[in-house]
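First the structure, in the form of structure tokens, and then the observations on it.
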Amino acid sequence: MRVTGQGKRTEGICRGLALGFIVAVAMFAWPIMGPIMGSASEAAAQQPAAAHPTTVVSNIRVGAHPGETRVVIDLNTEITYDAFVLPQPYRVVLDLPEVGWRLPAKPLPSGVGQLDKLRYGLFSPGVTRVVLDMKGPVRIKKTFLLKPKNGHAYRLVMDLQGVSPAVFRTVLSEQRKARRAKGTPRPVAAPAATGASAEVAASGGTVPRTTEKISGAGLIAGPVPVPKSTQKPRTPRKMVIAIDAGHGGVDPGTIGADGQFEKNITLKMARELRDVLRKTGRYKVVLTRNKDIFLRLRQRVAVARAAGADLFISIHADSTRNRKVRGLSVYTLSERASDKEAASLAEKENKADLIAGIDLTGESPDVTNILIDLAQRESMNQSAQFATQLVKELRKSTKLLRKTHRFAGFAVLKAPDMPSVLIELGFLSNPQDEKALQSRRYRAMLAHAILRGIDTHFKGVEEARRN
Ligand SMILES: [Zn+2]
């Protein structure tokens, strides 16, 4: 039952978002006709707990008025919510308990009033997030819930008012003060930070939420949780491979020529690779995510490190304006990008946290900046060697991009003690690549090539150790 529901929901998300990104729909009328009566009620933010969402969103409408933009969300039940603004870039975030989606088969609103575009998806276990990219600074004038009336379902209404940057700064600082005073629980999925096992995250299970701020720097630079030295040298230890399906939940990643979402392709590929690796009996595999959910870049690294991963493989798919460009490429970390394309790709992939509506102002810059320390040099060398093996094997199976192994400052490759590579499976902007990546057989072929690359890598590591 649950599976069916999720399947439908995913389909709805794909259709809605894909079209929403491609076509701009202009709506000129206020979505709600008639005066708003006293039935409006403010609801405090509340942590939702439902594992099976009972609330279903049936429509998102946006209307423009001079200086103001109204967002209306149609729902079948009452709902709690938490709305706030974010700077750099200007965004409005609306957090809801986990909801189901049954949107009409038409494009999502975009380019309406102050709204540029919007997206939605699972942000953390039990929390659905809607992120509105705004054209400029706005303040949330009011948010309220309307009870069913005149044939309408429940409606969650948010009025956004365009303001000057100076006013926005004041709004932001007042918002921060108010949220701090209220102790507003910010939904955070932190499998590794809470000490929960990586397996929990990997199985998609619900991890107890915490309001504790995740210190990315601490997680990334801290000690390896699985001390390898405690194991007897004779005991054959299964190598642990962390597979990271890029993007997820509220962050769809890139969108293909045919409307395919990068986040769905990466998850399918991650599962395929997991199955192929497990079948050998030689590897233990951990997935950073095993469902359509958002994970911060630092959380991905934290999950892998908590599992004591010996290799970290982040899986992505690219897109570019030139639809003829196709082929797979492999990336490793470096301070200086190998070329302009690699640099802009890293910049794009590093934006995941912003896409998902996270406030990065005042945070340590480890997510957005890449400063490489000495401890990283060794794993960078190993990463590069592994990438070479991968390219060698993948070349036998598929078309590769020219200059297949490139370097750039990918935040997700920053673990100092874990050789890490990022594979761009191909270009979703290229119809051929997009079609191939939807084929299970093609993904299985890639997975086997990656397996051979991993085998060769560890053989090399083993030989180096013996000599
Ligand atoms: Zn990506």
Side-chain angles (χ1 to χ4, degrees), residues 13-14 17-18 21 119 121-123 131 242-273 287-301 303-304 312-322 325-333 337-358 360 367-368 370 387 390 394 401 404-415 420-430 433-434 436-438 443 446 450:
I13 291 169
C14 293
L17 263 174
F21 274 98
R119 63 194 153 268
L122 207 52
F123 176 72
V131 182
I243 306 171
D244 173 47
H247 310 277
V250 67
D251 168 22
T254 197
I255 295 163
D258 194 29
Q260 288 297 315
F261 281 16
E262 181 183 354
K263 66 172 182 179
N264 296 333
I265 302 247
T266 60
L267 183 54
K268 281 182 191 158
M269 184 67 223
R271 286 174 176 157
E272 187 70 48
L273 181 56
L287 298 184
T288 56
R289 69 174 177 99
N290 193 15
K291 61 193 280 197
D292 185 16
I293 190 166
F294 171 74
L295 270 186
R296 295 195 64 169
L297 294 170
R298 57 175 59 164
Q299 285 176 281
R300 297 170 185 274
V301 178
V303 168
F312 179 84
I313 303 174
S314 190
I315 292 176
H316 289 258
D318 202 357
S319 73
T320 179
R321 224 168 285 168
N322 182 353
V325 177
R326 58 181 289 243
L328 181 148
S329 49
V330 179
Y331 291 80
T332 52
L333 180 74
S338 55
D339 52 272
K340 232 170 53 198
E341 287 80 25
S344 72
L345 177 70
E347 199 185 311
K348 202 162 65 180
E349 299 290 13
N350 290 348
K351 272 193 186 137
D353 289 354
L354 284 179
I355 301 270
I358 286 180
L360 293 178
V367 170
T368 41
I370 304 296
L390 270 183
L394 285 161
L401 193 65
T404 306
H405 178 197
R406 301 176 183 214
F407 312 87
F410 290 92
V412 79
L413 302 181
K414 248 202 87 185
S420 308
V421 302
L422 184 143
I423 303 177
E424 294 280 349
L425 298 170
F427 287 82
L428 294 186
S429 45
N430 175 273
D433 271 6
E434 186 181 30
L437 285 167
Q438 287 174 69
R443 292 195 303 265
L446 289 183
I450 296 169

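Just so it is clear, the structure is predicted and the values come from calculations on it, not from any experiment. Atoms within each ligand, like the ligands themselves, are counted from 1 in listed order.
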Test log, rule side chain to side chain contact (heavy atoms under 4.5 Å, CB included), inputs His316 and Leu345: CA-CA 11 Å; His316 289 258; Leu345 177 70; over 6 Å; no
Main-chain N/O of Leu295 paired to Arg300 side chain as donor or acceptor, under 3.5 Å: yes
Exam field: side chain Arg119 to backbone Ala356, donor-acceptor pair closer than 3.5 Å: no
Atom of His316 closest to the Zn ion (ligand 1), considering N, O or S atoms: ND1
2.8 Å cut-off met by an N, O or S atom of Glu349 to the Zn ion (ligand 1): yes
The Zn ion (ligand 1) reached by Glu262 (N, O or S, under 2.8 Å): yes
Test: Asp318 and Lys348 ion pair at under 4.0 Å: yes
